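Quick caveat, the model's predicted, so the values are computed rather than measured. First the proteins, then the strands, lettered A, B, ... as listed; each starts at 1.
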Amino acid sequence: MRILRSMLSFYSSFAFAGFLLTAACLGTLYTTGIAMFTFLFWIKVGTMWIIYYFVDHNKRKEYYYYDNLGISKRVLWIPALAFDFLVFIVSTIVLMLKMNGSQTGG
Amino acid sequence: MVHKLEVDSIILEFGHHRVLQDVYFTSETGKITGILGRNGCGKSCLMNIIYGVLPATDKSIRIDGKPIFDGYRDPQLFRYLPQFNFIPKDFTVRRIFSDFGLDFASFINWFPEFEKFHQRKLGKLSGGERRIVEVYAILAAKTKFCMLDEPFSHIMPLHVEVLKNIMLEEKKNKGVIITDHMHRYITEISDHLYVITNGKAHLTKEADDLKRLGYLH
């Protein structure tokens, strides 16, 4: 429970930026079409790396807090980035299915 | 149960500059081990090496004879207070005490004026108040050894005296390793006192040793 709460606290500090970028990618995909997916995929990967770089730098002192609770940097980052990317993938698939459905229906 | 920490063969180099060479010291349950030294002599580096977050050229760290490589991975072995503020500002005092498994009522017995801060975020406290919460969290949490790097920074003398009493109480259950530039506080409470000079840790026996080793004039 303590570990989960710490992971959520850590993720919440940059979740908004991740969601915002996912929303921007989805918006672009919706207006330009599926052909842009590969480009947006790499944009998402690149922005995740940028978020990691800045958050890692800004929170380097706070890692000592989590270390003192037995929670490593890896335990904080891997689930957070995996969840952020999963949200991107799932929402992209849902959007693609809807776009496909509306084209077929029309 | 008494646990013994042995630190030896610590060598730390930055390029061609050797900061620590063949450092040896011990700590054990029921004792406070003080470490003094000039700025840049490697006190904080030494603690970071013991904690496992700073790679050393060579090191040997053992607890009860068993080698320890990454102390930070197990809070039951080590807790570490870095010299800077490390607790996220948006965490409430209540949350911090919950995370470290601490009883707030016991804390209030030591610091009654903190009762009103229970629900308050750490960032809303003054620098000294914030440091007290950080020191207490590390000092009172369950572990075998706790390392405190400059615990008295920003704290007024009245509260330093309280913290010293907490250290004397807590050392019954753990080994305490402490470093600070307020050397009088350190010498008053330490059972063993080391001075790091020229990269080596020297065990001191009397006050004049601090002058002889170049820490005091």
Region of A/Arg60 that comes under 4.5 Å of a non-hydrogen atom in chain B: neither

Contacting moiety of B/Ile96, where chain A heavy atoms sit under 4.5 Å: both

Nearest-0.5 Å distance that lies between atom CG in A/Leu29 and atom CZ in A/Phe39: 12.0 Å

Which bit of B/Asn85 comes within less than 4.5 Å of chain A, counting heavy atoms only: side chain, backbone, both or neither? backbone

Would you mind checking which part of B/Pro88 comes under 4.5 Å of any heavy atom in chain A, side chain (CB onward), backbone (N, CA, C, O), both or neither? both

Between B/Lys31 and B/Glu28, is there a side-chain N and carboxylate O pair less than 4.0 Å apart? no

If you tally heavy-atom pairs under 4.5 Å against chain A, which of B/Arg95, B/Arg73, B/Arg79 wins? B/Arg95

Tightest non-hydrogen contact, residues B/Thr26 and B/Thr33, listed as O-OG1, 3.5 Å

Ignoring hydrogens and angles, state whether a donor on the side chain of A/Asn58 or A/Tyr53 is under 3.5 Å from an acceptor on the partner side chain. no

Less than 4.0 angstrom from a charged side-chain N to a carboxylate O is my criterion; do B/Arg184 and B/Glu188 meet it? no

When you look at B/Ser9 and B/Asp58, which way does the side chain to side chain donor-acceptor pair (under 3.5 Å) test go after all the steps? CA-CA 6 Å; B/Ser9 309; B/Asp58 192 19; 4.9 Å; no

Are A/Arg2 and B/Ser98 close enough that a side-chain donor and a side-chain acceptor fall under 3.5 Å? no

Considering only heavy atoms, which portion of A/Ser6 lies under 4.5 Å from any heavy atom of chain B: side chain, backbone, both, or neither? both

Consider only side-chain N and O atoms of B/Ser44 and B/Gln83, and report whether a donor and an acceptor are under 3.5 Å apart. yes

Lys/Arg cation over aromatic B/Phe117: B/Arg120, 6.0 Å, 45° cone: no

Is it the side chain or the backbone of B/Asp70 that comes within 4.5 Å of chain A heavy atoms, both, or neither? neither

Could I get the full list of side-chain contact (heavy atoms from CB on, under 4.5 Å) partners for B/Met1, not counting sequence neighbours? B/His3

Salt bridge or not for B/Asp8 and B/Lys59, using N-O below 4.0 Å? no

As an exercise: rank A/Tyr64, A/Tyr63, A/Phe10 by heavy-atom pairs under 4.5 Å with chain B and give me the winner. A/Tyr64

Region of B/Asp99 in contact with chain A, defined by heavy-atom distances below 4.5 Å: both

Using non-hydrogen atoms and a 4.5 Å limit, figure out which bit of B/Tyr80 sits close to chain A: side chain, backbone, both or neither. both

Please output the residues of residues 65-87 of chain A in contact with chain B, using a heavy-atom cutoff of under 4.5 Å, in numerical order. A/Tyr65, A/Tyr66, A/Asp67, A/Asn68, A/Leu69, A/Gly70

